[in-house]
Number of protein chains: 2
Amino acid sequence: MLTESEKKTYMFISDYIKQQGIAPTLPEIAAGIGISSKGVIHRYVQALAEKGWITLIPKVHRGIKLTSKALSKAFSLPLLGTIAAGQPIEAIQTHTEIDLASIFAGEGRYLLRVRGDSMIDEGIYDGDMIICQQTTQVHNNDIVIALIDKQEATLKRLQRNIDGTITLIPANPSYSPMTYPAHRVSVQGIFIGLLRVPR
Amino acid sequence: MLTESEKKTYMFISDYIKQQGIAPTLPEIAAGIGISSKGVIHRYVQALAEKGWITLIPKVHRGIKLTSKALSKAFSLPLLGTIAAGQPIEAIQTHTEIDLASIFAGEGRYLLRVRGDSMIDEGIYDGDMIICQQTTQVHNNDIVIALIDKQEATLKRLQRNIDGTITLIPANPSYSPMTYPAHRVSVQGIFIGLLRVPR
DNA sequence: ATTGAAAGTTCTCTAAAGGTTCTCTATGCT
DNA sequence: AGCATAGAGAACCTTTAGAGAACTTTCAAT
């Protein structure tokens, strides 16, 4: 756990290295975060090293290296790279964190478990959970949770037609698109993402 | 059980951490729940720690951490029901909370972006992110991230054969299973789940 | 190879802010 | 009355933040 100043110090060092390709000196860090004493910076840098965020090469000017540990928010996971069959894992050059809070947190987010296979061509399988956002603002071609006649709920791609009707399009050739007058269809939410955790 | 004020305190702390990624100070909590005395907050925070909702690092500023039990409460989404994507059926009202922390949190969890379509019959599509667990303990028939000859990484279902060899089975009829001697295959991690967030 | 400016290291000091420990008061409940 | 819950606030200790002096070391220009 970093203090406010330690975090500022770390972020400055990290940015500096990213831009310049070389670590900053203590006075540079000091100037960068608005401090006049390099002694103070030395203390912060030592603390960062002790906490494992950077490694120091003692006595060497600009002897700061970043460790793999990245600044992560409370709920995030590292995206380490891309895997493609038959190729080495292609490490992502800039270490990326996926902020899970931005995907899952928020008013009106909820999950639904999917039954059936009508969206199978979108890769939405029986048993999957879909992340939904409660909203009335729907764009054409969004995947929506639609309530038909305030009775039947269904997951389909929504298409507004010129004549005011709405067509719900499944992603499975075995099923046919269905067209309804707008007043019979009410959108409960839109599809944000998919979460599948087998077992 | 928590008293009214303890509950308010806890909820403020939990929200604060979720948003800021760092714990609040006692005066901040006090202001947040409309109290002027930090001494009072200290009492509540101690109580929460004793009851196991948070852990405290003594004397450290902002030294409050949510316990894993609390974390899973804070980081969960309601599973509102089941939506049938085939024949339109009504959405169910079984109210369950899905604990996202148990899916995503933990040592050695990371994400990989998938390229290619070799697992398409498992519903793992190009561009999806897979949640992985770094481990060496692999069960037969797990989906694994395997490294072949310490070079090629690939996502396949793993099958141990009686003769000691290992077969990696794709989920796409266009690709064939491949059998290797065990020493050529090293497992980098196992497939925990799938996360897809379009756009 | 020398050398001096810049960088790193080690201190001591100060102040502000956060955490800790009290005591005191009030209110509602049994 | 006795107890649990709530709150105010004073007093005190510790951490965090910062300044800056004094010293040693590195490194690059001469």
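Chain identifiers are assigned alphabetically (A, B, ...) following the order of the sequence lines, protein sequences preceding nucleic acid strands; residue numbering begins at 1 within each chain. Only a predicted model underlies this, so the values are computations on that prediction, with no experimental measurement involved. Side chains included, hydrogens not; waters and symmetry mates left out as well; all remaining heavy atoms used.
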Donor-acceptor check, side chain of [X] to backbone of [Y], threshold 3.5 angstrom: yes or no?
X	Y	answer
A/R157	A/I169	no
A/E28	A/T25	yes
A/T9	A/S5	yes
A/T67	A/W53	yes
B/R113	B/G127	yes

Euclidean distance, atom [atom1] of residue [X] to atom [atom2] of [N] [Å, nearest integer]:
X	N	atom1	atom2	answer
B/I64	C/dG18	CD1	C1'	11 Å
A/K8	D/dT16	NZ	P	15 Å
B/I35	C/dA26	CD1	C1'	14 Å
A/I29	D/dA17	CD1	P	15 Å
A/E6	D/dT15	CD	P	14 Å
A/M1	C/dG18	CE	P	14 Å
A/K7	D/dT16	NZ	C1'	14 Å
A/E4	C/dA17	CD	P	14 Å

Nearest-neighbour nucleotide for the [X] side chain, [options] considered:
X	options	result
B/S5	D/dG7, D/dA19, C/dT20	D/dG7
B/K38	D/dG18, D/dG9, C/dG18	C/dG18
A/H61	C/dA6, D/dT16, D/dT14	C/dA6
A/L26	C/dG19, C/dT9, D/dA8	C/dT9

Check your understanding: Counting any heavy atom closer than 4.0 Å, what does A/T25 reach on the DNA or RNA strands: base, sugar-phosphate only, or nothing?
Key -> sugar-phosphate
Practice item. Determine, step by step, whether B/D117 and B/Y175 satisfy the side-chain hydrogen bond (donor to acceptor under 3.5 Å, both in side chains) criterion, reporting the C-alpha distance in whole Å, the side-chain angles of both residues, the deciding distance to 0.1 Å, and the verdict. Key: CA-CA 10 Å; B/D117 55 1; B/Y175 299 91; 3.0 Å; yes
Review point. Does A/S36 place a side-chain N or O at less than 4.0 Å from the phosphate oxygens OP1/OP2 of D/dG18?
Key: no
Check your understanding: Think A/T3 has a side-chain N or O under 4.0 angstrom from the OP1 or OP2 of D/dA17?
Key -> yes
Exercise for review: Assess whether atom NZ of A/K65 is packed by more than 12 heavy atoms of other residues, nucleotides or ligands within 6.0 Å.
Suggested key: no
**Study point:** Atom CD of A/Q134: over 12 foreign heavy atoms under 6.0 Å
**Key:** no
Review point. Near DNA chain D, which residues from residues 40-50 of chain B have a heavy atom under 4.0 Å away?
Key: B/V40, B/R43, B/Y44
Practice item. Identify whether B/I57 and B/I54 are in the same connected component of the hydrophobic contact network (ILVMFWY, side-chain heavy atoms under 4.5 Å). Key: no
Review point. Looking only at side chains, do B/T165 and B/T179 share a donor and an acceptor under 3.5 Å apart?
Key: no
Point to revise | 5' precedence on DNA chain D between B/G34 and B/P58 (nearest-nucleotide basis) | key: B/G34
Check your understanding: D/dG7 base to B/S37 side chain: any donor-acceptor pair below 3.5 Å?
Key -> no
Protein-nucleotides 28-30 of chain D N/O pairs under 3.5 Å:
none

